[in-house]
Amino acid sequence: MTHVEIPLLRYLDEEGRPVADLPTWLDKALARTFYRNMVVVRSYDKKAIALQRTGKLGTFPSHLGAEAVGIGVGLAMGEEDVYVPYYRDMPTLYVRGVPMEKNLQYWGGDERGSDFTKRDGSRSEDLPICVPIATQITHACGIAAAFKLRHQPRVAVVSIGDGGTSKGDFLEGLNCAGVWHLPMVIVVNNNQWAISVPRTLQSSAPTLAHKGIGAGVRSLQVDGNDVLAVYDAVRHALERARRGKGPTLIEAVSYRLGDHTTADDATRYREAAEVEAAWRKEPVKRLRQFMVDQMWWDDAAEQALLAEASAEVEQAVARYEAQQAQPPEAMIDYHYAELPADLRPQRERIIAKAMRREADHE
């Protein structure tokens, strides 16, 4: 069977050596920005898992191994764009200005963690974290359609895992994006495993990017362990969408180095040799080696960054642990922008009942 060729974008090989002409936008400052953010979110990931293990956090989805995907996407986006995340997208949210303690709050079971108010008090228009897989792509279609109808040069960027591409929501959203020629960028983080199901059992398509062809969506692959490639692909896709050229599907080929979540044990279904091989391709070490070779980085800078990242994460944890839990009656407040008049007496009854129960316990 003859397949349509899907281009693969890569600038750095597994050892951090250039395999193509480096992009003209790359300089020492930007490379350091990529690297700093990747190191910080990896430090955060390790701490979040430790918090879950000690009962201070609920189930947590590690992004270990996908740092280049998340950071590349987030830094390429404009402030005016809207991000529609899935549950493994803390790195992108972080560089979009969402404080770490917000993410901890969410995975600690408090929905206020999806209210993406930034530290400067401004409110992000990015959508809340989406746990039901693939449903977020249809939301992104609606946002992109609004941008198009209003003639706004803005783009909806949505991300999804490889497993989510098997859902009907994904295919419907992809079809909508193509038919309506929407200003969208669809990033598929292909980390090779949909919980315990490998990519080979998810789809017989040569690549997941091929799924965009039938929908009339421009599609390509990038090396998801190469932050330069991810950033460049998203950057060009955003420019294309702003010019009215329609959507782009980008399959970022990465690898989930950790468990699916802290409720999972990947050793039950993955071979140790496969994981060891993936560690040799991981994104943080790759970019560090590139910067060392360019004489943009050294051991002193590395140690200073590790200390800085650790301090930033610990400060975020302290802010998270200082947050007060919501009272039980607050669950009603999130159903409506303003509670309808006929439900206000019911809310008061719930509050009164909760107060009586608390008094009885005392």
Peer 1: Ignoring hydrogens and angles, tell me if any N or O in the side chain of His260 forms a donor-acceptor pair with the backbone of Pro61 under 3.5 Å.
Peer 2: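 Absent.
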Peer 1: What pair of heavy atoms forms the shortest contact from Asp169 to Ile137, and how long is it?
Peer 2: O-CG2, 3.3 Å
Peer 1: Check side chain to side chain donor-acceptor pair (under 3.5 Å) between Tyr94 and all other residues, then give those that pass, not counting sequence neighbours.
Peer 2: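 Arg36, Glu312.
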Peer 1: Using the rule given for salt bridge (charged side-chain N to carboxylate O under 4.0 Å, His left out), can you reason through Arg235 versus Asp232, listing the C-alpha separation, both sets of side-chain angles and the distance that settles it, and then say yes or no?
Peer 2: CA-CA 5 Å; Arg235 178 172 165 268; Asp232 199 43; 3.6 Å; yes
Peer 1: Check step by step if side chain to side chain contact (heavy atoms under 4.5 Å, CB included) holds for Lys28 and Trp297.
Peer 2: CA-CA 9 Å; Lys28 177 180 178 179; Trp297 200 249; over 6 Å; no
Peer 1: Can you check whether Leu30's main-chain N or O pairs, donor with acceptor, with Asp27's side chain at less than 3.5 Å?
Peer 2: yes
Peer 1: Decide side-chain hydrogen bond (donor to acceptor under 3.5 Å, both in side chains) for Asn189 and Ser159; before the verdict, give the C-alpha distance in whole Å, the side-chain angles of both, and the deciding distance to 0.1 Å.
Peer 2: CA-CA 7 Å; Asn189 178 12; Ser159 60; over 6 Å; no
Peer 1: Step by step, work out the side chain to side chain contact (heavy atoms under 4.5 Å, CB included) result for Ile6 and Ile213.
Peer 2: CA-CA 10 Å; Ile6 292 287; Ile213 296 174; 3.8 Å; yes
Peer 1: Membership question, hydrophobic clusters at under 4.5 Å side-chain separation (ILVMFWY): are Phe60 and Ile129 in the same one?
Peer 2: yes
Peer 1: What is the minimum heavy-atom distance between Val39 and Ala309, and which atoms define it?
Peer 2: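 Looks like CG1-CB, 4.3 Å.
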Peer 1: Considering non-hydrogen atoms only, spot the tightest contact between Ala31 and Leu287 and give its length.
Peer 2: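 Closest approach of Ala31 to Leu287: O-CD2, 4.0 Å.
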Peer 1: I'd like to know if the side chain of Arg199 and the backbone of Ser203 have a donor-acceptor N/O pair within less than 3.5 Å.
Peer 2: yes
Peer 1: Quick one: are Val253 and Gln192 in side-chain contact, heavy atoms under 4.5 Å?
Peer 2: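 Result yes, sub-4.5 Å side-chain heavy-atom pair found.
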Peer 1: Assess, by modelled atom type and distance only, whether the side chains of Asp299 and Gln303 contain a donor and an acceptor separated by less than 3.5 Å.
Peer 2: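 No donor-acceptor contact under 3.5 Å links the two side chains.
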Peer 1: According to the interplanar angle, ranging from 0 to 90°, do the rings of Tyr269 and Trp193 count as parallel (below 30°), tilted (30 to 60°) or perpendicular (above 60°)?
Peer 2: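 Tyr269 and Trp193: tilted rings.
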Peer 1: With rounding to the nearest 0.5 Å, note down the distance linking CG in Leu174 to CE in Met184.
Peer 2: 8.0 Å
Peer 1: Does one side chain, of Tyr11 or Asp21, offer a donor that lies under 3.5 Å from an acceptor on the other?
Peer 2: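 Judged by distance alone, the side chains do not pair up.
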Peer 1: So with a 6.0 Å cut-off around CG of Asp298, is the heavy-atom count from everything else above 12?
Peer 2: yes
Peer 1: Could you walk me through whether Trp296 and Tyr35 pass the ring-ring contact (aromatic ring centres under 6.0 Å, His included) check?
Peer 2: CA-CA 11 Å; Trp296 291 350; Tyr35 188 67; over 10 Å; no
Peer 1: Check for a donor-acceptor pair, side chain of Glu101 on one end and backbone N or O of Tyr320 on the other, with a separation under 3.5 Å.
Peer 2: no
Peer 1: Answer yes or no: is there a donor N or O on one side and an acceptor on the other, between the side chain of Ser219 and the main chain of Val217, under 3.5 Å?
Peer 2: yes
Peer 1: Is it possible for you to say whether Val197 and Tyr86 belong to one hydrophobic cluster, with membership spreading through side-chain heavy-atom contacts below 4.5 Å?
Peer 2: no
Peer 1: In plain terms, say whether Glu79 and Arg154 are close enough for a salt bridge, that is, a side-chain N and a carboxylate O under 4.0 Å apart.
Peer 2: no
Peer 1: Looking at Ala29, is its backbone amide N or carbonyl O close enough to the side chain of Thr33 to form a donor-acceptor pair, meaning the two atoms are under 3.5 Å apart?
Peer 2: yes
Peer 1: Would you say Ser254's side chain and Gly224's backbone share a donor-acceptor pair under 3.5 angstrom?
Peer 2: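 Such a contact is absent between Ser254 side chain and Gly224 backbone.
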Peer 1: Show, in sequence, the C-alpha distance, side-chain angles and deciding distance for Val157 and Val84, and conclude whether the side chain to side chain contact (heavy atoms under 4.5 Å, CB included) test is met.
Peer 2: CA-CA 6 Å; Val157 180; Val84 186; over 6 Å; no
Peer 1: Enter the distance from Ile186:CD1 to Leu249:CG here, rounded to the nearest 0.5 Å.
Peer 2: 5.5 Å
Peer 1: Could you grab the distance from atom CG of Asp162 to atom CG of Leu208, nearest 0.5 Å is fine?
Peer 2: 6.5 Å
Peer 1: For residues Gln202 and Ala194, report the shortest heavy-atom separation together with the two atoms involved.
Peer 2: NE2-CB, 3.5 Å
Peer 1: What's the spacing between Arg10 CZ and Asp226 CG if we round to 0.5 Å?
Peer 2: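 One finds 8.0 Å between CZ of Arg10 and CG of Asp226.
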Peer 1: Would you mind reporting whether Ser124 and Tyr83 have side-chain heavy atoms less than 4.5 Å apart?
Peer 2: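 No, every pair of side-chain atoms sits at 4.5 Å or beyond.
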Peer 1: Answer with yes or no whether the hydrophobic clustering places Leu127 together with Val131; edges join I, L, V, M, F, W, Y residues whose side-chain heavy atoms lie under 4.5 Å apart.
Peer 2: no
Peer 1: Arg288 and salt bridge (Lys or Arg N to Asp or Glu O under 4.0 Å): which single residue from Glu302, Glu15, Glu67 fits?
Peer 2: Glu302
Peer 1: Looking at every heavy atom in both Glu251 and Thr207, which two are closest together, and how far apart are they?
Peer 2: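 Closest heavy-atom pair between Glu251 and Thr207: OE1-CB, 3.4 Å.
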Peer 1: Do His63 side-chain atoms and Val69 backbone N/O form a donor-acceptor pair below 3.5 Å?
Peer 2: no
Peer 1: Kindly indicate whether the side chain of Pro198, heavy atoms from C-beta on, has any atom under 4.5 Å from the side chain of Leu201.
Peer 2: yes
Peer 1: With a 4.5 Å cut-off on side-chain heavy atoms, are Leu12 and Arg17 touching?
Peer 2: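 No, every pair of side-chain atoms sits at 4.5 Å or beyond.
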Peer 1: One thing to verify: whether Asp81 and Arg242 come together as a salt bridge, which I'm taking to mean a side-chain N less than 4.0 angstrom from a carboxylate O.
Peer 2: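 Salt bridge flag = yes for Asp81 with Arg242.
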Peer 1: Could you tell me whether a side-chain N or O of Asp13 sits under 3.5 Å from a main-chain N or O of Gly16, the two making a donor and an acceptor?
Peer 2: yes
Peer 1: When you check the gap from the basic side-chain N to the acidic O, do Arg256 and Asp264 get nearer than 4.0 Å?
Peer 2: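 Result for this pair is yes, salt bridge flagged.
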Peer 1: Would you call Ile49 and Ser62 a side-chain contact if the rule is heavy atoms closer than 4.5 Å?
Peer 2: yes
Peer 1: Measuring from atom CG of Asp259 to atom CG of Leu64, what distance do you get when rounded to the nearest 0.5 angstrom?
Peer 2: 10.0 Å
Peer 1: So, Lys47 and Glu314, do they make that salt bridge, N to O below 4.0 Å?
Peer 2: yes
Peer 1: Quick one: closest heavy-atom pair of Phe34 and Leu75, and the distance?
Peer 2: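 It is CD2-CD1, 3.5 Å.
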Peer 1: Counting only heavy atoms not in Lys211 (residues, nucleotides, ligands), do more than 12 fall under 6.0 Å from its NZ?
Peer 2: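 More than 12 heavy atoms, drawn from other residues, nucleotides or ligands, come within 6.0 Å of this atom.
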Peer 1: For Trp107 and Thr59, what are the C-alpha separation, side-chain angles and deciding distance, and is it a side chain to side chain contact (heavy atoms under 4.5 Å, CB included)?
Peer 2: CA-CA 7 Å; Trp107 295 112; Thr59 300; 5.7 Å; no
Peer 1: Rounded to the nearest 0.5 Å, what's the gap from CD on Gln105 to CE on Met100? Could you check?
Peer 2: 15.5 Å
Peer 1: Check Asp45 with Arg42, please: is the shortest side-chain N to carboxylate O separation under 4.0 Å?
Peer 2: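 No, this pair does not count.
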Peer 1: Strictly below 4.0 Å, N to O, side chains only: are Arg286 and Glu14 in salt-bridge contact?
Peer 2: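 No, this pair does not count.
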Peer 1: Same hydrophobic cluster for Val317 and Val98, using side-chain heavy-atom links shorter than 4.5 Å among ILVMFWY?
Peer 2: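 Yes: a chain of side-chain contacts under 4.5 Å links Val317 to Val98.
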Peer 1: In this structure, would Val230 and Ile250 fall into the same cluster of hydrophobic residues linked by side-chain contacts under 4.5 Å?
Peer 2: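 Shared cluster, yes.
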Peer 1: Check whether any side-chain N or O of Lys167 sits under 3.5 Å from a backbone N or O of Thr135 as a donor-acceptor pair, and report yes or no.
Peer 2: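 No.
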Peer 1: Are a donor atom and an acceptor atom from the side chains of Asn225 and Glu282 found within less than 3.5 Å of each other?
Peer 2: no
